[in-house]
Amino acid sequence: MYRERPSRVPGAVVWRRPGASPGTPLRILPDGCMDLLWVGGELLVTGPDPVAHVTTGTGDPGGYTGVRFAPGTAPAFLGVPADELRGLRVPLADLWPRAEVRRLAGRVHAAPRPGAALEELVLSRLGAGDPPDPAVPGVVAMLRAGTAVADVAHAVGLSERQLRRRCLPAFGYGPKTLMRILRMDRAVALARTGLPHAAVAARTGYADQAHLSREVKTLAGVPLGVLVGGQEGSGANRSTPLPSGSRTSA
């Protein structure tokens, strides 16, 4: 069972789930987030996905544990721009000194609760590097609400070109792509409640149901009905094979 809880890391959640059976098809939807993972005895980083990441389960008995950062906040912790990690899954040792990563991995391995150990790892390094772009929370909130990119740029005192330059290192892609991903995320969540697709489209700012269908197919790779019907593995978190789940202690 997938479990997650709010983290003491601002805006983040700590989550855990068992490994999927070998060969199980998994479709991890983009959500604008990045994660620090503990899987197979290794610390990994997942970059921001512009479209669904399709993979298969490996049957890892240890499952998956992670800290999922709020959109735009992971680069400050990692010290790496998000656009350099777009669509990638990389060992933390590729980004930080290997000796340091071995030491950190040893701490997580020895901990009775890997999620808590990952959380402490992140908390211990917050403030060590440059802080997140102060415009990030406002930009995310406005794009999540469906505010036009031109209006977002005006609200934060930037041109659209300047806003795009600020978004790339923070989110891994420009504001229009982030807005599309956040809108699809809202739409899929609403559709999973049983709301008719036409009503989902109206509530989430699509021109009509056909527009919703095209966007979901483009970003997720399958129709909305497949995601809602559970015909393939889907992801509440874009970096691991997670189904939608309740927020319980992890």
Quick one: do R186 and D31 make a salt bridge, cutoff under 4.0 Å?
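Result for this pair is no, no salt bridge flagged.
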Residues E119, R5: salt bridge by 4.0 Å N-O rule:
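A salt bridge is present here (some side-chain N lies under 4.0 Å from a carboxylate O).
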Do [X] and [Y] make a side-chain contact, defined as non-hydrogen atoms from C-beta onward lying under 4.5 Å apart?
X	Y	result
P30	H53	no
M1	P18	no
V67	D35	no
F69	V122	yes
R16	E4	no

Atom of V139, atom of C167 and distance for their closest heavy-atom approach
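In terms of heavy atoms, the two residues are closest at CG1-SG, 4.3 Å.
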Where do V45 and L92 come nearest, in terms of heavy atoms and distance?
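Here V45 and L92 meet closest at CG2-CD1, 3.8 Å.
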Pair F77 + W96: ring centers closer than 6.0 Å:
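They qualify: ring centres under 6.0 Å apart.
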Using modelled atom types and a 3.5 Å cut-off, is there a donor and acceptor pairing between side-chain atoms of [X] and backbone atoms of [Y]?
X	Y	result
T177	Y173	no
R27	A220	yes
S159	Q162	yes
S213	Q209	yes

Would you sort out whether L26 and V54 count as a side chain to side chain contact (heavy atoms under 4.5 Å, CB included), showing the intermediate values?
CA-CA 6 Å; L26 304 167; V54 180; over 6 Å; no
Greater than 12 external heavy atoms within 6.0 Å of H154's NE2
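At most 12 heavy atoms, drawn from other residues, nucleotides or ligands, come within 6.0 Å of this atom.
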